[in-house]
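Everything numeric here is computed off the predicted structure, so don't read it as measured data.
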Amino acid sequence: MSEIRQPSPRRGTNLPRMGDFNLTVILDAIRRSSGGLSRVELAQIVGLSPQTISNISRRLLDQHLIVEAGKEGSGPGKPRTILRLNPSGMYAIGVHLDPAVTTFVLLDLVGAVVQHSRIKTPGGNDPSAVISTIAAEIEQLVSDSGVDTGKIAGLGLAAPGPIDLDAGTVVDPPLMPGWDRVELREALKEATGYSVLVDKDVTSAAVAETWAGGPSGAGSFIFMYMGTGIGCGIVLNDEVIRGTSGNAGEIGHIIVDPDGPPCDCGKRGCVKSSCIPQVLVAEAEAAGILAGTRTDDSGPEVQKSFSMLCDLADAGDARAIAIIDKSAVLVTRAVSAVTNTLDVERVVFGGPFWTRMSERYLEQVPALLEADSAARLIHTIEVVGTGVGEDVGAVGAACLVLEYMLAPRAQRLLLES
């Protein structure tokens with residue numbers, strides 16, 4: 001197992017009018033420390049003067065974003081007061097829109113799930129009806145939590161890619177006919193009254209891992225998202241990589257089986273045509289394992305049939321096992337193409353379909369990946385399941401809001417005239 005590096009803290013600046021940036025630098029440093037930090041430790045880590053640390057700490061205490069959590073110190077001198085995030089200081093809503101199921105979470109400031117719900121994604125080709133259903137579920141989620149709406153910083157939505165990040169729209173997502181160029185950000189803002197951020201589901205999952213995944217979310221890794229589609233979130237040196245348009249990680253057209261089924265791109269054996277659950281279910285139906293189980297190609301129907309296929313594999317059905325095992329081999333080929341390109345230290349698997357296939361994948365993928373690794377004589381590549389859990393997409397969507405509110409960003413360095 002490769003050594004896990006701790007995230008590198010950001011550095012502050014003592015220039016005038018840098019208060020907002022420095023505030024987020026300090027919050028970020030406290031967040032990244034599991035046990036909290038003293039003011040002296042903060043000054044050493046972020047490079048700010050003790051007076052600046054003291055002033056900003058007071059602001060954060062007054063805003064109830066941090067708390068003083070006891071004193072530490074065994075040597076000479078006065079014990080140091082430890083500062084930690086205040087879980088109830090701020091909340092964020094996260095929604096993961098998947099063709100099969102839509103998941104909702106309310107997170108506190110430290111990334112813990114306060115409230116959770118899940119519904120079958122409404123069928124049909126009317127996005128407005130789905131958006132109305134999502135808005136109603138959000139209202140119920142907040143009501144059930146008992147959280148003061150004034151403490152909710154906003155709403156994050158994780159959606160299938162590709163997306164138009166600037167416009168906040170989804171662009172022809174798979175298994176969701178009628179959803180091309182739907183302006184999700186504005187529609188949800190109008191329906192809920194919350195500020196809304198929209199990002200790709202695989203990117204949101206990677207964000208969740210960096211915020212709430214623990215050791216699996218540190219350093220450089222890829223997040224393999226296993227849902228109705230398969231995608232890849234990218235994190236390099238603790239930074240989530242989105243790409244020029246916010247669509248980094250679209251691996252659907254990596255060829256993993258040159259003799260495989262034709263893809264809609266005109267090639268054969270792409271990830272999209274060879275590995276996704278819909279394809280595995282079709283293979284099982286063609287083999288007579290799941291004859292006549294599906295009524296349509298909607299997300300919920302695919303999820304139901306895929307679950308039945310996994311049930312058969314778990315029960316020892318050799319044909320079902322062969323289908324799942326073959327998918328692990330093909331997915332690993334796509335993973336190795338990405339890991340060799342990026343030279344990461346870890347692969348994290350997760351997503352709504354991951355739990356059912358996790359045991360067989362974790363048995364096979366590490367050795368297959370090592371055999372294909374260009375850097376295998378220099379370092380190993382750790383393969384793990386998500387540290388966040390099954391709701392990683394929704395948790396990541398809420399973390400988008402926390403990241404936007406709390407993480408140091410270059411825009412904060414622009415001096416006002």
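- In this structure, the side chains of Gln303 and Thr228 stay at 4.5 Å or more apart for every pair of heavy atoms.
- A donor-acceptor distance shorter than 3.5 angstrom exists from the side chain of Ser336 to the backbone of Arg333, with no hydrogens or angles considered.
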Side chain to side chain contact (heavy atoms under 4.5 Å, CB included) between Gln364 and Asp325, intermediate numbers included = CA-CA 8 Å; Gln364 298 180 71; Asp325 286 356; 2.8 Å; yes
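- Scanning all heavy atoms of the two residues, the minimum distance from Asp108 to Leu402 falls at O-CD1, 3.7 Å.
- The two residues Ile276 and Gly229 come nearest to each other via the heavy atoms CG2-CA, 4.2 Å.
- The side chain to side chain contact (heavy atoms under 4.5 Å, CB included) search around Thr121 returns Leu97, Thr102, not counting sequence neighbours.
- Ring geometry for Phe306 against Phe353 counts as tilted: the plane angle lies between 30° and 60°, on a 0 to 90° scale.
- Atom CG of Asp257 sits about 5.5 Å away from atom NZ of Lys326, to the nearest 0.5 Å.
- Only one option out of Arg84, Arg39, Arg80 pairs with Glu68 in a salt bridge (Lys or Arg N to Asp or Glu O under 4.0 Å); it is Arg39.
- Counting only heavy atoms from C-beta outward, the side chains of Val335 and Leu369 approach each other to under 4.5 Å.
- Remark: side-chain polar atoms of Ser220 are paired, donor with acceptor, to backbone N or O of Asn237 under 3.5 angstrom.
- Looking at heavy atoms from C-beta onward, Leu107 lies out of side-chain contact with Val114 at the 4.5 angstrom threshold.
- Side chain of Ser307 to main chain of Lys304: no donor-acceptor pair is present (N/O by atom type, distance under 3.5 Å, no hydrogens or angles).
- Salt-bridge check for Arg118 with Glu390: passed, with a basic side-chain N closer than 4.0 Å to an acidic carboxylate O.
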Apply the test side chain to side chain contact (heavy atoms under 4.5 Å, CB included) to residues Leu155 and Val95: give CA-CA distance (whole Å), side-chain angles for both, the deciding distance (0.1 Å), then the verdict.
-> CA-CA 8 Å; Leu155 161 66; Val95 179; 3.6 Å; yes
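- Between the side chain of Ser305 and the backbone N or O of Val302 there is no donor-acceptor pair closer than 3.5 Å.
- Looking at Asn340, its side chain does come within 3.5 Å of a backbone N or O of Asp372 through a donor-acceptor pair.
- Residues His96 and Asp391 bring no donor and acceptor atom of their side chains to less than 3.5 Å of each other.
- Here the side chains of Ile381 and Arg346 are not in contact, with every heavy-atom distance at 4.5 Å or above.
- Rounded to the nearest 0.5 Å, atoms CG (Asp314) and CZ (Arg360) are 8.5 Å apart.
- The nearest pair of heavy atoms linking Tyr225 to Ala205 is CD1-CB, 4.4 Å.
- In terms of heavy-atom proximity, Ile82 sits nearest to Gly35 at CG2-O, 3.5 Å.
- The closest donor-acceptor contact from the side chain of Asp343 to the backbone of Ala375 lies at 3.5 Å or more, if one exists at all.
- Side chain of Thr52 to backbone of Leu48: no donor-acceptor contact under 3.5 angstrom is found.
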Derivation and outcome, side chain to side chain contact (heavy atoms under 4.5 Å, CB included), residues Val46 and Ile53 | CA-CA 9 Å; Val46 302; Ile53 293 289; 3.9 Å; yes
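- Remark: the backbone N or O of Ser88 is paired with a side-chain donor or acceptor of Lys151 at under 3.5 angstrom.
- Remark: side-chain polar atoms of Ser143 are not paired, donor with acceptor, to backbone N or O of Gln140 under 3.5 angstrom.
- No side-chain heavy atom of Thr169 sits under 4.5 Å from any side-chain heavy atom of Arg185.
- A cation-pi arrangement is not found for Arg32 relative to Trp211, the charged atom failing to lie both closer than 6.0 Å to the ring centre and inside a 45° cone about the ring normal.
- Side chains of Ile230 and Val202 form no contact here, defined as non-hydrogen atoms less than 4.5 Å apart.
- Nearest heavy-atom pair, Val384 versus Ser216, reported as atom, atom and distance to 0.1 Å: CG2-CB, 4.1 Å.
- Of the inter-residue distances, the one linking Cys232 atom SG with Met224 atom CE reads 6.0 Å to the nearest 0.5 angstrom.
- Taking 4.5 Å as the limit, some side-chain heavy atom of Val142 sits within range of a side-chain heavy atom of Tyr194.
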Kindly determine whether Glu41 and Ser38 satisfy side-chain hydrogen bond (donor to acceptor under 3.5 Å, both in side chains), including the steps that lead there.
-> CA-CA 5 Å; Glu41 289 170 324; Ser38 70; 3.3 Å; yes
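- The two residues Cys275 and Leu330 come nearest to each other via the heavy atoms SG-CB, 3.5 Å.
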Kindly determine whether Val331 and Val256 satisfy side chain to side chain contact (heavy atoms under 4.5 Å, CB included), including the steps that lead there.
-> CA-CA 7 Å; Val331 167; Val256 293; over 6 Å; no
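- With sequence neighbours excluded, the residues that form a side chain to side chain contact (heavy atoms under 4.5 Å, CB included) with His64 are Asn86.
- Atom CD of Gln63 has more than 12 heavy atoms from other residues, nucleotides or ligands within 6.0 Å.
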In sequence, state the C-alpha distance, the side-chain angles, and the governing distance for Glu137 and Ser117, and then conclude on side-chain hydrogen bond (donor to acceptor under 3.5 Å, both in side chains).
-> CA-CA 8 Å; Glu137 189 67 20; Ser117 68; 2.9 Å; yes
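- Inspection of the Tyr361 and Ser327 side chains reveals an N or O donor paired with an N or O acceptor under 3.5 Å.
- Checked for salt-bridge contact, Arg268 and Asp259 miss the test: no charged N lies under 4.0 Å from a carboxylate O.
- Counting heavy atoms from C-beta on, the side chains of Val171 and Asp180 come closer than 4.5 Å.
- Ionic pairing of Asp28 and Arg31 is present here: one or more N-O contacts between side-chain nitrogen and carboxylate oxygen are shorter than 4.0 angstrom.
- How far CD1 of Ile222 is from CD1 of Ile241: 13.0 Å, rounded to the nearest 0.5 Å.
- For the atom pair CG of Leu157 and CD1 of Ile134, the computed distance is 6.5 Å after rounding to the nearest 0.5 Å.
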Do Asp172 and Arg181 pass the salt bridge (Lys or Arg N to Asp or Glu O under 4.0 Å) test, and can you show the C-alpha distance, the side-chain angles, and the key distance before you say yes or no?
-> CA-CA 7 Å; Asp172 196 21; Arg181 299 288 176 180; over 6 Å; no
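- Taking OG from Ser195 and NZ from Lys189, the interatomic distance works out to 6.0 Å, rounded to the nearest 0.5 Å.
- Between the side chains of Ser373 and Glu370, no donor-acceptor pair is found at a separation under 3.5 Å.
- Between the side chain of Ser273 and the backbone N or O of Pro261 there is at least one donor-acceptor pair closer than 3.5 Å.
- Checked for salt-bridge contact, Glu285 and Arg319 miss the test: no charged N lies under 4.0 Å from a carboxylate O.
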